[in-house]
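The structure appears below as structure tokens.
In this chain, residues are counted from 1 in sequence order. Model, not experiment: these values are computed from the prediction.
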Amino acid sequence: MEVSNIPKHIGFIMDGNGRWAKKRGMPRNFGHKQGAAVFKKTINWCREFGVRAATFYAFSTENWKRPEDEVKGIMNLLRQYIKDIRAMQKENVRFIFIGDLSRLDEDIRVELADIMETSRKNTEFIVGVALNYGGRAEIANAAKILAKKCVSGEISPDDISEELIEKNLYTSEFPPLDLVVRPSGEQRLSNFLIWQVAYAEFVFMDVLWPDFKKKDLEYAIKEFASRSRRFGGL
């Protein structure tokens, strides 16, 4: 792909797994399994195209409202993919899991914490996985951290700036978000990285996530490269 302006950080809203399965007369968890396979492929495509980081919306704070068997299926799928994630660590890929991980089962939390620690020094590519994540909750969490620092006297309320808030977000070690890709035909953010998207570009697609292909990512990157990003200037 001959594009000079490659986004450094892409956010993916992995949407449409359930609808994809329903169209085929299969249970929703079958769609999630297919979607997880696309997640792995997309990481490799991003690396091939020269992207430096990708964050995937895997499970939101609102997803707990789904049927219990579907939630259990998603968590079991995560357990299965931990092995694949560990394999990617050997390829100099760093993993950062963002969100309130405290609600996840203990065995999953232990595995995720270990992966984050053991991949911390990997530098080729960053994979962010949003689990029990909500954009508003992330901002509230940063506000709580800063409020405690004010109470302790570590900082003054007047010290709080946009830069200081950003340093206390889950994504503080990521490059700035350049592009958000949402398949499935929906055209909303659904509480995903709502602070970080301030100057990001959006590409919405009608394809369901399990059908997302390399050509779709290539299209999104070319669309990004074709736009003029002025960041409020001329």
Side-chain angles (χ1 to χ4, degrees), residues 7-18 31-33 35-43 46 51-66 70-71 73-82 84-85 88 93-105 108-109 111-116 119-120 125-142 144-145 165-184 186 188-198 200 202-204 209-210 212 217 220:
K8 293 183 176 64
H9 182 187
I10 303 177
F12 293 92
I13 301 177
M14 302 187 292
D15 193 19
N17 294 335
H32 293 306
K33 184 176 181 180
V38 175
F39 158 76
K40 182 179 177 181
K41 292 177 182 177
T42 304
I43 292 172
C46 284
V51 179
R52 302 299 301 162
T55 300
F56 297 85
Y57 204 5
F59 193 85
S60 76
T61 51
E62 290 78 23
N63 287 156
W64 296 105
K65 301 173 185 177
R66 294 187 176 185
E70 182 176 350
V71 172
I74 293 172
M75 293 303 157
N76 287 332
L77 191 59
L78 176 58
R79 289 183 173 95
Q80 294 174 27
Y81 264 78
I82 282 173
D84 290 322
I85 288 171
M88 278 187 273
V93 175
R94 181 180 182 184
F95 284 85
I96 302 176
F97 300 94
I98 66 173
D100 180 8
L101 306 182
S102 65
R103 192 171 174 181
L104 303 179
D105 290 341
I108 294 177
R109 295 200 310 271
E111 290 278 8
L112 300 187
D114 183 67
I115 289 169
M116 284 194 284
S119 70
R120 184 175 297 278
F125 191 79
I126 299 175
V127 176
V129 183
L131 292 165
N132 194 28
Y133 173 88
R136 289 180 176 180
E138 178 183 24
I139 296 170
N141 182 68
K144 289 177 184 178
I145 293 171
I165 292 172
E166 286 187 347
K167 287 180 180 178
N168 286 278
L169 295 175
Y170 297 132
T171 54
S172 61
E173 297 182 82
F174 290 71
L177 185 66
D178 290 320
L179 171 65
V180 173
V181 176
R182 180 167 190 162
S184 83
E186 305 292 351
R188 58 178 177 272
L189 290 176
S190 296
N191 205 15
F192 179 58
L193 300 178
I194 55 176
W195 175 283
Q196 296 85 344
V197 299
F202 303 134
V203 174
F204 300 107
W209 178 253
F212 189 79
L217 177 58

Report summary line: dist Leu179:CG -> His9:NE2 (nearest 0.5 Å) comes out at 10.0 Å
Query raised in the report: Taking only residues two or more places apart in sequence or in another chain, which ones pass ring-ring contact (aromatic ring centres under 6.0 Å, His included) with Phe97?
Result: none
**Report entry** Residues which pass side-chain hydrogen bond (donor to acceptor under 3.5 Å, both in side chains) with Thr42, listed by chain and number, not counting sequence neighbours
**Finding:** none
Query - Parallel, tilted or perpendicular, as decided by the 30° and 60° cut-offs, for the rings of Phe12 and Phe56 - result: parallel
Query raised in the report: Excluding sequence neighbours, so at least two apart, what forms salt bridge (Lys or Arg N to Asp or Glu O under 4.0 Å) with Arg188?
Result: Glu186
Query raised in the report: For Arg103, what residues pass the side-chain hydrogen bond (donor to acceptor under 3.5 Å, both in side chains) criterion, not counting sequence neighbours?
Result: none
Requested in this report: Go through the structure and list residues passing side chain to side chain contact (heavy atoms under 4.5 Å, CB included) with Leu77, not counting sequence neighbours.
Outcome: His32, Lys33, Ala36, Gln80, Tyr81
**Report entry** Partners meeting salt bridge (Lys or Arg N to Asp or Glu O under 4.0 Å) with Arg52 (sequence neighbours left out)
**Finding:** none
Query raised in the report: What residues form a side chain to side chain contact (heavy atoms under 4.5 Å, CB included) with Thr171, not counting sequence neighbours?
Result: Ile98, Glu138, Leu169, Phe174, Leu193, Gln196
Query raised in the report: Which residues satisfy the ring-ring contact (aromatic ring centres under 6.0 Å, His included) test with Tyr57, sequence neighbours excluded?
Result: Tyr133, Phe192
Requested in this report: Name all residues meeting the salt bridge (Lys or Arg N to Asp or Glu O under 4.0 Å) criterion together with Arg136; count only those two or more places apart in sequence or in a different chain, and write none if there are none.
Outcome: none
Requested in this report: Please list, chain by chain and in numerical order, all residues satisfying salt bridge (Lys or Arg N to Asp or Glu O under 4.0 Å) with Asp84, sequence neighbours excluded.
Outcome: Lys40
Query raised in the report: Of all residues at least two apart in sequence or in a different chain, which pass the side chain to side chain contact (heavy atoms under 4.5 Å, CB included) check with Pro176?
Result: none
Query - Results of side chain to side chain contact (heavy atoms under 4.5 Å, CB included) for Ala58 - residues two or more places apart only - result: Met14, Val129, Leu131
